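In what follows, a single structure is set out as structure tokens and then discussed.
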Amino acid sequence: MSSDTDSIPTARGTPITTVATDDAGMGRTLSYDISRRQVLVRLVKNKIFGLLTLGIYRFWGKTYLRQLLWQGLKIGTDRLEYRGTAKELFIGFLIALIILLPLLLLSSFVIELLALTSETIAIFSQLLNFAILYTLWQFARYRLWRYRLSRTAWRGIRFYLSGRATLYALNVLVRTVASFVTLGWAYPWLRSYRLQYQLNNTHFGDGRFTYAGRTAGLYKIYWPAILITQLVIASALGYLATSDVMTLSTEAITEIGDGNFTMAGKDLGPVYLGGFIAMCALTAFIFVTRVWEFRYLAGNTSFMGARFSSSLRLRSVLFISLILILLTIGGLIAFGVMITLVIMWQSALAAILPFVFLLIAWIGIDILKTLFFLVPLVKAICKSTEIDTLVPFEEAAANAEKSPSYGEGFADAMDVGAF
């Protein structure tokens with residue numbers, strides 16, 4: 001085995017010593033190792049202190065959680081670091097509110113004025129309102145990625161995201177409209193733009209990631225999903241148009257009000273069961289398509305000559321998604337029990353139950369989603385992803401010029417992001 005010792009500059013200007021190996025596969029894979037117990041404790045603390053402080057603690061809770069989650073990911077033998085602060089998130093949130101609140105109030109006022117003129121303009125104004133909110137949402141997402149990357153470091157060297165958030169948001173809006181107009185057939189065009197713009201503007205030190213994928217490659221992945229989705233929607237619409245299910249729905253509501261749950265179940269049970277099965281099938285198919293997309297993405301991504309590849313298996317992701325579906329079913333059952341109790345009891349206690357259920361759901365779903373979906377998914381992705389060499393990463397020089405000075409305020413104000 002041969003090795004070379006190099007001195008690598010860090011973001012703080014202090015050189016560190018690393019060893020570059022020539023053995024294939026040694027220290028060149030991604031891995032994710034994290035204590036679920038520590039994550040559980042942190043999530044519970046975040047929820048409790050968030051309630052006690054009326055949500056103000058969320059900025060500190062987010063920071064502590066990210067530090068824990070980030071350090072679980074290793075590139076070679078070194079872990080990632082999260083260097084963001086709660087103060088940055090809090091200041092960014094305040095700045096976003098100062099900008100967003102007047103803007104949203106002004107747009108709503110103008111749209112309401114336009115809606116008073118005629119019904120046609122009213123419909124147009126609602127579409128315009130949606131377009132404005134959707135564009136702001138996409139803008140917030142890009143700013144979110146920029147901030148998080150700028151606060152992510154490996155061996156003391158930070159990542160960062162260049163590009164213009166406004167240009168990205170407008171292009172995504174145009175491609176989203178095209179996806180609706182073409183009934184989904186422009187969706188691969190939208191996905192291709194997202195991947196190209198994000199990855200080609202992602203940097204590590206003075207090096208840049210490169211994505212060589214094309215829209216045609218994504219069409220080969222997405223066309224079965226688009227076709228099946230269209231068939232399911234067409235079948236559902238055809239069934240609604242040719243059956244008396246809408247009449248049955250009205251009768252079922254009346255029967256529930258009269259306490260006749262058995263007849264209501266007979267009327268609408270098959271409809272709801274069919275809809276639930278179709279939803280689960282489409283959800284599973286979406287996960288399958290995203291696995292294929294991730295393999296394509298990894299195979300077409302490189303960093304200064306270092307190439308990525310992925311052997312992510314469908315069964316591992318489907319197993320994780322099955323857990324998510326089961327958790328969703330459990331939540332729906334609990335919600336159904338709550339509604340039943342409210343109808344049957346018709347008491348003061350029944351009026352409190354919805355708030356109790358929402359509180360439990362707010363605390364529990366986030367914890368379960370993180371522990372049993374997010375963490376296993378990241379672990380499966382890291383386990384299946386290979387980097388053929390770490391030399392370009394080791395040789396990258398520090399560059400912090402593109403780092404924003406405050407947190408992801410727009411994203412936080414619009415509730416964008418996983419944590």
Side-chain angles (χ1 to χ4, degrees), residues 8-13 30 66 70 73 75 80-85 88-89 91-92 95-96 99 134-176 189-215 218 293-294 296-308 385 387 390-414 416-418:
I8 306 297
T10 69
R12 298 174 181 174
L30 300 177
R66 290 176 185 176
W70 261 241
L73 197 154
I75 303 177
L80 289 184
E81 300 174 66
Y82 179 74
R83 295 184 170 183
T85 65
E88 292 173 341
L89 294 178
I91 293 176
I95 293 174
I99 297 175
Y134 184 76
T135 304
L136 286 174
W137 185 52
Q138 296 302 324
F139 177 88
R141 289 184 65 181
Y142 201 82
R143 296 287 302 182
L144 176 147
W145 295 323
R146 173 174 291 175
Y147 174 78
R148 290 186 184 176
L149 278 174
S150 70
R151 296 306 185 266
T152 301
W154 182 71
R155 293 187 178 180
I157 304 173
R158 295 195 185 197
F159 295 81
Y160 70 91
L161 183 69
S162 59
R164 296 169 56 192
T166 305
L167 178 63
Y168 171 83
L170 292 175
N171 275 279
V172 169
L173 175 64
V174 171
R175 287 162 172 78
T176 301
W189 184 43
L190 168 63
R191 291 295 301 171
S192 179
Y193 175 78
R194 285 182 183 273
L195 296 176
Q196 288 178 0
Y197 199 81
Q198 293 170 20
L199 289 173
N200 288 331
N201 283 295
T202 300
H203 304 255
F204 175 68
D206 63 355
R208 190 180 74 174
F209 287 81
T210 302
Y211 174 71
R214 295 291 182 265
T215 304
L218 291 181
E293 181 191 87
F294 180 76
Y296 181 79
L297 178 153
N300 287 279
T301 300
S302 61
F303 176 78
M304 308 298 289
R307 299 196 61 84
F308 293 78
T385 303
I387 308 174
L390 290 180
V391 173
F393 290 90
E394 294 169 344
E395 294 177 345
N399 187 339
E401 294 179 1
K402 302 294 183 179
S403 298
S405 57
Y406 53 87
E408 57 219 39
F410 279 94
D412 209 26
M414 301 187 71
V416 179

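Remember, it's a predicted structure, so these values are computed and weren't measured experimentally. Note: hydrogens, waters and symmetry copies are ignored here, and every other heavy atom, side chains too, is used.
Judged by the 6.0 Å distance and 45° axis criteria, Arg191 is not positioned over the aromatic ring of Trp189.
In this structure, a donor-acceptor pair under 3.5 Å is present between the side chains of Arg66 and Tyr82. For Arg194 and Tyr168, the side-chain atoms include at least one donor-acceptor pair closer than 3.5 Å. Of the N and O atoms on the side chains of Tyr147 and Glu88, at least one donor lies less than 3.5 Å from an acceptor on the other residue.
The distance from the CG atom of Leu73 to the CH2 atom of Trp154 is 11.5 Å, given to the nearest 0.5 Å. From Leu136, atom CG reaches atom CZ of Arg143 across 13.0 Å, with rounding to the nearest 0.5 Å.
Closest approach of Arg307 to Asn300, counting heavy atoms only: NH2-CA, 4.3 Å. For the residue pair Asn200 and Arg208, the shortest heavy atom distance occurs at O-CD, 3.1 Å. The heavy-atom pair separating Gln198 from Leu161 by the smallest distance is O-CD1, 3.5 Å.
Residues Val172 and Thr135 are not in side-chain contact: their nearest non-hydrogen atoms beyond the backbone lie 4.5 Å or more apart. Thr385 is listed as a side-chain neighbour of Phe294, based on a closest heavy-atom distance under 4.5 Å. Counting only heavy atoms from C-beta outward, the side chains of Leu170 and Thr166 approach each other to under 4.5 Å.
Listed for the Arg158 side chain is no donor-acceptor partner under 3.5 Å among the backbone atoms of Ala153. Of the possible donor and acceptor atoms, none in the side chain of Thr202 sits under 3.5 Å from a partner among the backbone N and O of Phe209. Arg146 places no side-chain N or O within donor-acceptor distance of the main-chain N or O of Arg141, the cut-off being under 3.5 Å.
Note on ring orientation: taking the six-membered ring where Trp is involved, the planes of Tyr197 and Tyr193 are parallel (angle under 30°, cut-offs 30° and 60°). In this structure, Tyr211 and Tyr296 have perpendicular ring planes: the angle between them is above 60°, well past the 30° mark. Ring geometry for Tyr160 versus His203: interplanar angle under 30°, hence parallel rather than tilted (30 to 60°).
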- Task: Would you please test Phe159 and Leu80 for side-chain contact (heavy atoms from CB on, under 4.5 Å) and show each step?
- Result: CA-CA 11 Å; Phe159 295 81; Leu80 289 184; 4.2 Å; yes
- Message: Please determine whether side-chain contact (heavy atoms from CB on, under 4.5 Å) holds for the pair Thr301 and Thr210, giving the CA-CA distance in whole Å, both sets of side-chain angles, and the decisive distance to 0.1 Å.
- Response: CA-CA 6 Å; Thr301 300; Thr210 302; over 6 Å; no
- Task: Dump the intermediate steps for side-chain contact (heavy atoms from CB on, under 4.5 Å) on Tyr142 and Asn201, then the final yes or no.
- Result: CA-CA 11 Å; Tyr142 201 82; Asn201 283 295; 3.8 Å; yes
- Task: Tell me, with the steps shown, if Leu218 and Leu195 meet side-chain contact (heavy atoms from CB on, under 4.5 Å).
- Result: CA-CA 11 Å; Leu218 291 181; Leu195 296 176; 4.2 Å; yes
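Under the 4.0 Å criterion applied to side-chain N and carboxylate O atoms, Glu394 and Arg155 are assigned as salt-bridge partners.
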